[in-house]
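Every heavy atom of this structure was used, including side-chain atoms; hydrogens, water molecules and symmetry mates were not.
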Amino acid sequence: EVQLQASGGGLVQAGKSLKISCAYSGFNVDYAIAWFRQAPGKEREAVSCITTFDNKLYYADSVKGRFTISSDNAKNTVYLEMNSLKPEDTAVYYCAGDRGALCPYYDDYPEGFGHWGQGTQVTVSS
């Protein structure tokens, strides 16, 4: 059974950093873990994706240069390090997983990810 669990969210001031985690289990080789976020009253937004087999990385333009996605395969955990946080980064952050081939399309085809974790709240104060 595939399971994902996001953690590490919290309240942080604008300009500061925060690192959230997604612990996963039940995947075979060549899978993708993606981060999505949803702010109140807004549509879900794709944030970043990583293929754990060959470490290909994908970022939304809104976070490129500020956020870094990484994977520790030994710990079955994917991280999202968020720097220079802005109030507009405030959202519930969700991690999702599925086949690695989905990663290049994670922003256009989020529904292709069949496994989702519960969200973790990130709040950035101004």
*Any donor-acceptor pair under 3.5 Å from Tyr59 side chain to Ile69 backbone*: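 Yes; judged by distance alone, with no hydrogens or angles, the pair exists.
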*Could you tell me whether a side-chain N or O of Thr51 sits under 3.5 Å from a main-chain N or O of Ala32, the two making a donor and an acceptor?*
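Such a contact is absent between Thr51 side chain and Ala32 backbone.
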*Residues Gln5, Gln3; criterion side-chain contact (heavy atoms from CB on, under 4.5 Å); working and verdict*: CA-CA 7 Å; Gln5 183 169 351; Gln3 291 185 328; over 6 Å; no
Once rounded to the nearest 0.5 Å, what's the spacing between atom [atom1] of [X] and atom [atom2] of [Y]?
X	Y	atom1	atom2	value
Ile33	Ser48	CD1	OG	11.5 Å
Lys56	Cys49	NZ	SG	11.5 Å
Phe67	Leu57	CZ	CG	15.0 Å
Asp30	Cys103	CG	SG	10.0 Å
Leu4	Ser21	CG	OG	12.5 Å
Asp98	Glu111	CG	CD	11.5 Å

What side-chain donor-acceptor pairs closer than 3.5 Å can you find for residues 113-126, not counting sequence neighbours?
unit_1 : atom_1 : unit_2 : atom_2 : d
Trp116 : NE1    : Phe113 : O      : 2.7
Gln118 : NE2    : Ala6   : O      : 2.7
Thr120 : OG1    : Gly9   : N      : 2.9
Gln121 : NE2    : Ala91  : O      : 3.4
Gln121 : NE2    : Thr123 : OG1    : 3.3

*Neighbour count above 12 (heavy atom, 6.0 Å) for Arg99 CZ*: no
*Check whether more than 12 heavy atoms from other residues, nucleotides or ligands sit under 6.0 Å from atom CD of Gln13, and answer yes or no.*
no
*asked:* Do Tyr58 and Leu102 sit in one hydrophobic cluster, given that two such residues count as connected whenever their side-chain heavy atoms are within less than 4.5 Å of each other, even indirectly?
replied: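 Tyr58 clusters together with Leu102.
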*With the 4.5 Å side-chain cut-off for hydrophobic clustering, are Tyr94 and Tyr109 part of the same group?*
yes
*Hey, can you tell me if Phe27 and Tyr31 have their rings parallel, tilted or perpendicular (30° and 60° cut-offs)?*
parallel
Identify every side-chain donor-acceptor pair in residues 34-41 under 3.5 Å, counting partners at least two apart or on other chains, and give the distances.
unit_1 : atom_1 : unit_2 : atom_2 : d
Arg37  : NE     : Glu45  : OE1    : 2.8
Arg37  : NH1    : Asp89  : OD1    : 2.9
Arg37  : NH1    : Tyr93  : OH     : 2.9
Arg37  : NH2    : Glu45  : OE1    : 3.2
Gln38  : NE2    : Lys42  : O      : 3.1

Which donor-acceptor pairs under 3.5 Å do the side chains of residues 76-85 make with protein atoms, sequence neighbours left out?
unit_1 : atom_1 : unit_2 : atom_2 : d
Thr77  : OG1    : Lys75  : O      : 2.9
Asn83  : OD1    : Ser17  : OG     : 2.8

*Would Tyr24 and Thr52 count as a side-chain contact (heavy atoms from CB on, under 4.5 Å) if you check the C-alpha gap in whole Å, the side-chain angles of each, and the deciding distance to 0.1 Å?*
CA-CA 12 Å; Tyr24 58 87; Thr52 56; 4.1 Å; yes
